[in-house]
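Chain naming here is simple, since letters A, B, ... match the order of the sequence lines and numbering starts at 1 in each.
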Protein chains: 2
Amino acid sequence: MSAHSSNPDTPRGVSAITQSSEALAHVFAALGDPTRLKLVAVLCAGGAFSIAQLTANTQISRQGVTKHLHVLAEAGVVRDVKQGRERLWQLEPAQVEAARQTLEAIGREWDTALQKLKVFAESL
Amino acid sequence: MSAHSSNPDTPRGVSAITQSSEALAHVFAALGDPTRLKLVAVLCAGGAFSIAQLTANTQISRQGVTKHLHVLAEAGVVRDVKQGRERLWQLEPAQVEAARQTLEAIGREWDTALQKLKVFAESL
DNA sequence: CAAAAAAGCAACCAAAAGGTTGCTTTTTTG
DNA sequence: CAAAAAAGCAACCTTTTGGTTGCTTTTTTG
């Protein structure tokens, strides 16, 4: 499959979004689970919490919560610090900010997309 | 488990994010796959495309793409219109906008979170 | 109208996700 | 130092996900 720009099936201007879609998808996937989203919400509102504290807010076991926290950590959404016998978790702003910016970019391109759609529709 | 506000394990102010975390996680999960994210990017940049066209941009089979499109559709991220013998897909702004607003909300609450974290750290 | 194009349907499969339970290790505290 | 608290490790299990292949249906076009 030749990837020349003359391929009529491949629209241009996809830019920033297509680029790091691998890492970005990772962040979205991390946020794509109700339990994890709630964990993020709690961390977001409060600061740093232990696993036991975070577990108290959920319906699942401590080990289940631990697994979710590791998923979030691998996506770079949260960070942990060992403090004595407990491990405290907090948000890591950078990655979520990147995700937000992507959605913003998509939002910005919508005007363009809708205009093109209009032109396209008129050509039928 | 009594859910009184006096429970020290349950931080307050989680607000908007906790609410519809079910539906919201659905949207994030839909965006949480490289292939789907690219599909969204293409749709975002271009308007309305057929399955065959969208498949040309990927490495997977047409049926694979179709499945992904249905995942996006169930999350409300895309919409489809049958046009003759082909089915055209386009973005559905509303849901993605909601996701963006959530991330923005998280971003806004970070200042608060970091301040609380500072106070918390000082109390050690 | 027959052939080609586009998409739909359904069965199937391997791998990953989400969760559990049971036991061990580390750190705190009476 | 012994007991309790917090967390780590590992095995296990079920459901979902991401993908395939093969065949059918619908619509267009020569």
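At C:dG8, one or more side-chain N or O atoms of B:Arg87 fall inside 4.0 Å of OP1 or OP2 (strictly under the cut-off). Distances shown here put a side-chain N or O of B:His68 below 4.0 Å from the OP1 or OP2 atom of D:dG19. Neither OP1 nor OP2 of C:dG8 sits under 4.0 Å from any side-chain N or O of B:His70.
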Side chains of residues 41-51 of chain B: which donor-acceptor partners sit under 3.5 Å, not counting sequence neighbours?
{"from": "B:Ser50", "atom 1": "OG", "to": "B:Gln53", "atom 2": "N", "distance (Å)": "3.2"}
{"from": "B:Ser50", "atom 1": "OG", "to": "B:Gln53", "atom 2": "OE1", "distance (Å)": "3.4"}

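Here the nucleotide nearest the side chain of A:Ile51, chosen from D:dA7, C:dG18, C:dG8, is D:dA7.
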Pairs: protein N or O with nucleotides 20-22 of chain D N or O, under 3.5 Å:
{"from": "D:dT20", "atom 1": "OP2", "to": "B:Ser61", "atom 2": "N", "distance (Å)": "2.9"}
{"from": "D:dT20", "atom 1": "OP2", "to": "B:Ser61", "atom 2": "OG", "distance (Å)": "2.5"}
{"from": "D:dG22", "atom 1": "O6", "to": "B:Gln63", "atom 2": "NE2", "distance (Å)": "3.1"}

Any N/O pairs under 3.5 Å between the protein and nucleotides 25-30 of chain D? List them or say none.
{"from": "D:dT27", "atom 1": "O3'", "to": "B:Arg85", "atom 2": "N", "distance (Å)": "3.4"}

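For the pair A:Leu54 CG and D:dG8 P, the interatomic distance rounds to 12 Å; values are reported in whole Å. Counting to the nearest Å, the C1' atom of C:dG18 and the CG atom of A:Leu72 are 14 Å from each other. Remark: C1' of C:dA17 and CG of A:Leu31 are 16 Å apart, rounded to the nearest angstrom. Rounded to whole Å, the distance from CG on A:Asp80 to P on D:dG8 is 8 Å. Distance B:Leu37 CG to D:dG18 C1': 16 Å, rounded to the nearest Å.
Applying the salt bridge (Lys or Arg N to Asp or Glu O under 4.0 Å) rule to pairs touching residues 55-79 of chain A yields A:Arg79-A:Glu92, sequence neighbours excluded.
Not a single side chain to side chain contact (heavy atoms under 4.5 Å, CB included) links B:Ala98 to another residue, sequence neighbours left out. For B:Glu104, the side-chain hydrogen bond (donor to acceptor under 3.5 Å, both in side chains) criterion is met by B:Arg100, not counting sequence neighbours. Residues meeting the side chain to side chain contact (heavy atoms under 4.5 Å, CB included) test with B:Arg87, sequence neighbours left out: B:Asp80, B:Lys82, B:Trp89.
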Here DNA chain D, pairs taken as Watson-Crick or G-U under 3.5 Å and shown with ( ), [ ] when crossing and | when to another strand, reads ||||||||||||||||||||||||||||||

